[in-house]
Amino acid sequence: MADEPVDPSSYDDDDQPHEESQDSSDDGQTYHGQIQHHQLSARLPEAVAPGVLSNGVMILTGAFEVILDFVMRLGEQQRAAARVILPHVVARQFAAALQDNIVSYEDFYGPLPKIPQPRPAPMPEDIPTEPTIQQQQKSPSEDESGQERAPIQESAEPHIDDIYKELKMSEAMMGGRYANAVLIRHSATEFCFDFITNAYPRSIVSARVFMSAPHVAPFLKSL
């Protein structure tokens with residue numbers, strides 16, 4: 001896990017893990033060896049390098065892993081931008097590293113910007129905001145006809161099945177991308193998450209996600 005901005009040029013495509021020793025049996029079928037795996041040098045595939053933009057995250061927690069569904073909310077339909085699967089211990093490390101990055105960001109740029117909220121619609125000047133003396137005071141439970149109306153019920157939280165029915169996600173994305181390390185970088189306007197799969201013979205960036213600075217604090221709160 002990385003908790004400070006890192007130059008992407010630190011990725012080394014030519015760095016290979018070194019084999020310290022290799023012993024073979026006489027029949028040449030069994031090999032034993034020790035390797036040094038370079039976790040900080042990850043190959044960045046061309047297809048992953050551009051990354052995806054996300055302005056929302058849905059988090060699913062399983063018995064052995066945490067699933068991060070990064071979504072793009074534009075218009076009425078939400079689209080899945082990337083699905084990343086993390087072991088629980090890596091998810092905890094990711095949350096701690098993200099907290100450290102936010103502290104680093106705020107030390108340099110100031111507080112994280114807030115997500116803009118829509119301005120309330122202005123009231124027409126010809127509509128009085130308070131009842132006049134001539135207006136008859138009515139009970140909040142009565143409608144215009146004087147009959148008692150049913151109390152307004154608050155809308156329930158949407159069920160997860162309903163959310164995913166509306167979410168556009170391809171079958172190829174449903175399998176997700178496994179990662180056991182995360183590299184975090186940030187600029188003045190966005191954060192970049194490079195999810196890395198550390199496995200022999202070398203590490204590889206399995207997913208790259210960009211998120212604007214205002215959306216990072218809600219993401220951390222969800223984690």
Side-chain angles (χ1 to χ4, degrees), residues 1-17 37-60 65-74 78-102 104-105 108-109 112-113 115 167-223:
M1 303 292 292
D3 55 4
E4 295 182 357
V6 178
D7 187 352
S9 62
S10 61
Y11 292 126
D12 184 0
D13 289 341
D14 296 326
D15 188 14
Q16 298 289 342
H37 187 55
H38 296 271
Q39 296 186 358
L40 296 181
S41 175
R43 183 175 180 273
L44 182 61
E46 184 178 353
V48 177
V52 295
L53 181 63
S54 171
N55 57 7
V57 187
M58 293 186 293
I59 303 176
L60 305 175
E65 69 285 316
V66 175
I67 300 176
L68 306 179
D69 281 341
F70 293 92
V71 300
M72 170 52 68
R73 298 171 178 171
L74 282 177
Q78 300 183 29
R79 295 177 178 270
R83 166 172 281 188
V84 179
I85 302 172
L86 303 176
H88 280 283
V89 61
V90 177
R92 289 193 293 267
Q93 293 172 351
F94 177 36
L98 183 55
Q99 176 64 61
D100 292 342
N101 267 263
I102 290 177
S104 175
Y105 176 98
F108 194 82
Y109 297 108
L112 280 171
I115 299 177
L167 180 65
K168 188 172 183 180
M169 177 183 293
S170 64
E171 291 185 357
M173 190 179 294
M174 289 182 182
R177 299 294 182 91
Y178 174 80
N180 51 15
V182 188
L183 181 66
I184 304 174
R185 294 174 286 122
H186 64 255
S187 68
T189 55
E190 70 276 325
F191 280 63
C192 176
F193 307 122
D194 280 348
F195 295 95
I196 301 172
T197 303
N198 286 320
Y200 185 78
R202 68 168 312 138
S203 302
I204 190 168
V205 179
S206 54
R208 168 174 283 182
V209 179
F210 294 97
M211 182 170 286
S212 64
H215 292 92
V216 172
F219 177 33
L220 177 61
K221 185 177 180 181
S222 300
L223 283 174

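One is the number of the first residue; the rest follow in order along the sequence.
Across Val57, Val52, Asn55, a single residue satisfies side chain to side chain contact (heavy atoms under 4.5 Å, CB included) together with Met211, and that is Val57.
Here the side chain of Ser222 pairs a donor or acceptor atom with the backbone of Pro218 at under 3.5 angstrom. No donor-acceptor distance shorter than 3.5 angstrom exists from the side chain of Arg79 to the backbone of Lys168, with no hydrogens or angles considered.
Here the closest non-hydrogen pair linking Ala80 and Leu167 is N-CD1, 3.8 Å. The two atoms that bring Met173 and Ala81 nearest to each other are CE-O, 3.6 Å, heavy atoms only. In plain terms, the two heavy atoms of Pro113 and Tyr105 that are nearest each other are CD-OH, 3.7 Å. Summarising the geometry of Val209 relative to Ala82, their closest heavy-atom pair is CG2-CB, 4.2 Å, with the distance given to 0.1 Å. The nearest pair of heavy atoms linking Ile204 to Ala42 is N-CB, 4.2 Å. What you find for Ser206 and Val48 is that their closest heavy atoms are O-CG2, 4.1 Å.
Aromatic ring orientation, Phe94 versus Phe193: perpendicular (interplanar angle above 60°, classes split at 30° and 60°).
Proximity of Val216 to Glu190: side-chain heavy atoms (C-beta onward) are nowhere separated by under 4.5 Å. For the pair Phe195/Leu86, a side-chain contact is recorded, criterion being any heavy-atom separation below 4.5 Å from C-beta on. Proximity of Val205 to Arg43: side-chain heavy atoms (C-beta onward) are nowhere separated by under 4.5 Å. Using a 4.5 Å cut-off on side-chain heavy atoms (C-beta onward), Arg185 and Asp194 make contact. Taking the side chain as every heavy atom from C-beta outward, Val182 and Ile196 never approach each other to under 4.5 Å. Counting only heavy atoms from C-beta outward, the side chains of Asn180 and Val89 never approach each other to under 4.5 Å. Contact check for Ile59 versus Ile67: no side-chain heavy atoms found under the 4.5 Å cut-off. A 4.5 Å side-chain heavy-atom check between Arg83 and Arg177 finds every atom pair outside the cut-off.
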Between Met174 and Met169, is a side chain to side chain contact (heavy atoms under 4.5 Å, CB included) present by the stated rule, with each step listed?
CA-CA 7 Å; Met174 289 182 182; Met169 177 183 293; 3.7 Å; yes
Side chain to side chain contact (heavy atoms under 4.5 Å, CB included), that's the test. Do Glu65 and Leu60 meet it? Break it down for me.
CA-CA 9 Å; Glu65 69 285 316; Leu60 305 175; over 6 Å; no
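The line from CG of Leu98 to CD of Gln93 is 13.5 Å long, rounded to the nearest 0.5 Å. The CZ atom of Phe210 sits 9.0 Å away from atom OG of Ser187, with the distance rounded to the nearest 0.5 Å.
When ring centroids are compared, Phe70 and Phe219 come within the 6.0 Å threshold.
When only modelled atom types and interatomic distance are considered, Asn101 and His186 share a side-chain donor-acceptor pair under 3.5 Å.
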